[in-house]
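Residue numbers begin at 1 in each chain, while the letters A, B, ... track the order of the sequences. Since the model is a prediction, treat every value here as computed from it, not as a measurement.
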2 protein chains.
Amino acid sequence: MARTETVEGPRSRAAKTQRRTRIQREKHEQILEAALDVFSRQGFRGATIDQIAESAGLSKPNLLYYFRTKEAMHRELIDRLLDTWLDPLHALNKEGDPVAEIKSYIRRKLELARDYPRESRLFANEILQGAPHIGEELEDLKALVDEKAEVIRGWSKAGKLRKCDPHHLFFAIWSTTQHYADFDAQVRAVLGDVGQGEGRFEDAARFLDQLFIHGLKP
Amino acid sequence: MARTETVEGPRSRAAKTQRRTRIQREKHEQILEAALDVFSRQGFRGATIDQIAESAGLSKPNLLYYFRTKEAMHRELIDRLLDTWLDPLHALNKEGDPVAEIKSYIRRKLELARDYPRESRLFANEILQGAPHIGEELEDLKALVDEKAEVIRGWSKAGKLRKCDPHHLFFAIWSTTQHYADFDAQVRAVLGDVGQGEGRFEDAARFLDQLFIHGLKP
DNA sequence: TGCAACCTTTACCAAACGGTCAAAAATTCT
DNA sequence: AGAATTTTTGACCGTTTGGTAAAGGTTGCA
């Protein structure tokens with residue numbers, strides 16, 4: 001899924017031989033962590049290298065020693081993201097019980113939204129702007145989705161699931177779960193700041209379970 | 001809902017007396033149209049005045065004669081947006097048939113996503129970045145949502161709807177419908193470019209109807 | 001200890017950015 | 001027509017931005 005790894009980093013012997021020094025490994029992660037923070041809040045164009053550098057506790061030229069461009073940081077973040085992001089979909093098991101499988105898929109997606117909201121927003125930003133940096137990856141996504149859509153269709157045909165358009169089912173699951181990460185500001189405003197964090201996600205999980213289960217049981 | 005109208009525009013006598021010339025009215029609209037285009041694709045920070053000016057067929061200083069800052073354009077767009085955006089929710093009628101009301105609400109929201117995708121993305125961008133420009137408006141939203149949530153709760157208690165958390169129901173409706181506008185790039189990639197536009201929304205409407213109706217019927 | 005590789009900093013650059021200003025051009029009003 | 005007003009323009013400004021060059025400091029290893 002990840003794009004052909006072009007090793008990013010300093011033009012040094014260690015880098016060229018792929019063997020990274022301790023400092024390189026540490027700073028590399030440190031920078032990506034800061035970059036994720038900034039990109040997910042500001043979007044690609046809105047983020048500045050200075051912001052990321054400051055958030056990472058480095059000077060700008062120092063940061064640019066590890067990542068030669070802003071794009072380089074963004075690209076590596078997106079690459080990493082996609083791998084973990086599609087994991088739950090990969091796990092959808094043709095042999096399992098349909099309703100239980102979908103329930104568990106929803107749960108996993110919701111957990112991702114809870115535990116990795118920055119990644120979710122990073123992705124949302126990218127798609128919102130028309131996915132300018134991930135054309136290639138979206139094709140891989142299509143292949144995976146088409147495959148899993150067939151699984152759903154199979155379950156429907158076997159009478160184990162109400163008949164429905166599998167692609168739109170996926171859209172509904174993605175949107176409802178990611179909503180809690182991407183539109184967090186709105187969710188918090190509407191729910192009020194009472195009953196934070198923990199209970200919120202439990203309520204969401206209960207609601208989505210009910211909605212999809214009753215909506216899908218034959 | 002709209003914020004107290006501070007009339008934006010040229011510092012001219014006509015403007016001060018609120019009476020706008022023909023040219024002022026025309027250019028004003030022309031600029032907002034272009035600004036919507038650019039803001040919805042690039043986000044606030046990503047958009048540049050030059051881009052908007054070019055898209056509107058004006059020089060930058062000329063544009064700035066009508067809107068004195070970038071914020072001014074964005075603010076008026078957001079203000080207009082919110083009015084039409086919440087219309088469908090206002091229309092949710094306590095006296096109507098619960099299932100029919102919700103069905104019609106979903107349909108309206110989906111039509112908005114189809115007919116005004118740029119507005120949807122403008123809003124999505126704003127919320128994604130943490131709603132920095134619309135704190136005030138979100139409070140009004142909360143009040144409206146709370147009110148309509150009570151309507152839903154009433155229907156549930158009367159046994160006309162399956163018991164569920166009304167707020168999360170709204171989240172689910174918002175996210176699933178707006179998904180088609182906001183994540184259009186992903187939707188197109190997954191569905192392939194075949195079977196465009198028209199059929200797409202019909203399929204979505206059918207799916208969402210089924211999902212929510214069966215998920216909500218008592 | 002010395003030296004080669006690696007890391008960090010200071011100073012800098014060109015382009016892009018949001019916005020201003022004064023004056024010219026066009027329009028409207030009487 | 002001519003004055004008054006509105007609209008448009010070109011030249012400009014200070015700041016921010018992504019990124020570079022080169023020199024100084026640090027580390028690891030023979």
Side-chain angles (χ1 to χ4, degrees), chain A residues 7-32 34-35 38-39 41-77 129 132-133, chain B residues 7-32 34-35 38-39 41-77 129 132-133:
Chain A
V7 175
E8 275 300 337
R11 292 202 160 296
S12 66
R13 203 170 58 187
K16 277 181 187 157
T17 41
Q18 315 265 13
R19 210 174 298 117
R20 291 183 171 167
T21 67
R22 174 185 55 86
I23 292 184
Q24 270 172 39
R25 282 191 304 272
E26 285 174 7
K27 296 281 162 90
H28 195 86
E29 289 311 307
Q30 194 176 327
I31 290 169
L32 284 181
V38 177
F39 279 134
R41 282 204 326 267
Q42 319 264 66
F44 180 77
R45 283 214 57 186
T48 73
I49 298 183
D50 291 273
Q51 269 179 309
I52 298 172
E54 191 195 325
S55 170
L58 271 62
S59 68
K60 180 166 66 167
N62 197 182
L63 183 152
L64 286 166
Y65 171 72
Y66 293 98
F67 288 89
R68 284 165 61 221
T69 62
K70 195 170 137 183
E71 269 89 353
M73 289 181 274
H74 189 257
R75 183 209 281 248
E76 181 159 344
L77 282 174
Q129 325 272 313
H133 303 107
Chain B
V7 174
E8 276 299 340
R11 290 201 162 297
S12 65
R13 203 171 56 187
K16 275 180 188 159
T17 41
Q18 314 263 11
R19 211 174 298 116
R20 290 184 171 164
T21 67
R22 174 186 55 87
I23 292 184
Q24 272 172 37
R25 282 192 304 272
E26 284 174 9
K27 295 283 161 86
H28 195 87
E29 289 311 305
Q30 193 175 327
I31 290 169
L32 283 180
V38 176
F39 279 134
R41 282 205 325 268
Q42 319 265 65
F44 181 77
R45 283 215 57 185
T48 72
I49 298 183
D50 291 274
Q51 269 179 307
I52 299 172
E54 190 194 326
S55 170
L58 270 62
S59 68
K60 180 166 65 168
N62 197 181
L63 182 151
L64 286 166
Y65 170 71
Y66 294 98
F67 288 88
R68 284 163 63 216
T69 63
K70 195 170 136 182
E71 269 90 351
M73 288 182 274
H74 189 257
R75 183 209 281 248
E76 181 158 344
L77 282 175
Q129 325 271 312
H133 303 106

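Rounded to whole angstrom, the span from the CG atom of B:D50 across to the C1' atom of D:dC12 amounts to 14 Å. Separating the CG atom of B:L64 from the P atom of C:dC21 is a distance of 12 Å, rounded to the nearest angstrom. Distance, A:H28 NE2 to C:dT8 C1': 18 Å, rounded to whole Å. Nucleotide D:dT20 holds its P atom 13 Å from the CG atom of A:L63, rounded to whole Å. Rounding to whole angstrom units, CD of residue B:E71 and P of C:dC17 are separated by 16 Å. One can place CZ of A:F67 at 14 Å from P of C:dT8, the figure rounded to the nearest angstrom. Atoms CD (B:E26) and P (C:dT28) sit 10 Å apart, rounded to a whole Å.
When every heavy atom of A:L32 is checked against every heavy atom of A:L77, the shortest pair comes out as O-CD2, 3.7 Å. The heavy-atom pair separating A:I52 from A:A34 by the smallest distance is O-CB, 3.7 Å. Smallest separation of non-hydrogen atoms from B:R45 and A:Q51: NH1-OE1, 4.4 Å. Contact record, A:A35 with A:M73: CB-SD, 4.1 Å, taken as the closest heavy-atom pair.
Residue B:Y65 places its side chain closer to D:dT7 than to any other of D:dT7, C:dC6, C:dT9. When each of C:dG19, C:dT10, C:dC21 is scored by its nearest atom to the side-chain atoms of B:P61, the top-ranked nucleotide is C:dC21. When distances run from any side-chain atom of B:K70 to the nucleotides D:dG18, C:dT10, C:dG18, the shortest one goes to C:dG18. In this structure, of C:dC7, D:dT6, D:dT8, it is C:dC7 that holds the atom nearest to the side chain of A:Y66.
In terms of phosphate contacts, B:K27 brings no side-chain nitrogen or oxygen within less than 4.0 Å of OP1 or OP2 of D:dT6. Within the structure, a side-chain polar atom (N or O) of A:R45 is placed less than 4.0 Å from OP1 or OP2 of C:dC17. An OP1 or OP2 oxygen of D:dT6 is reached within less than 4.0 angstrom by no side-chain nitrogen or oxygen of B:Q24. Between B:N62 and D:dT9 there is a side-chain polar atom (N or O) within less than 4.0 angstrom of OP1 or OP2. Within the structure, every side-chain polar atom (N or O) of B:K60 is placed at least 4.0 Å from both OP1 and OP2 of D:dG10.
Backbone-only engagement by A:I49 is indicated by non-hydrogen atom pairs under 4.0 Å involving sugar-phosphate atoms exclusively. Across all strands shown, A:A53 has no heavy atoms under 4.0 Å from either base or sugar-phosphate atoms. Contact annotation for A:S59: base contact, defined as any heavy-atom pair under 4.0 Å involving a base atom.
The backbone N or O of B:F44 sits less than 3.5 Å from a side-chain atom of B:K70, completing a donor-acceptor pair.
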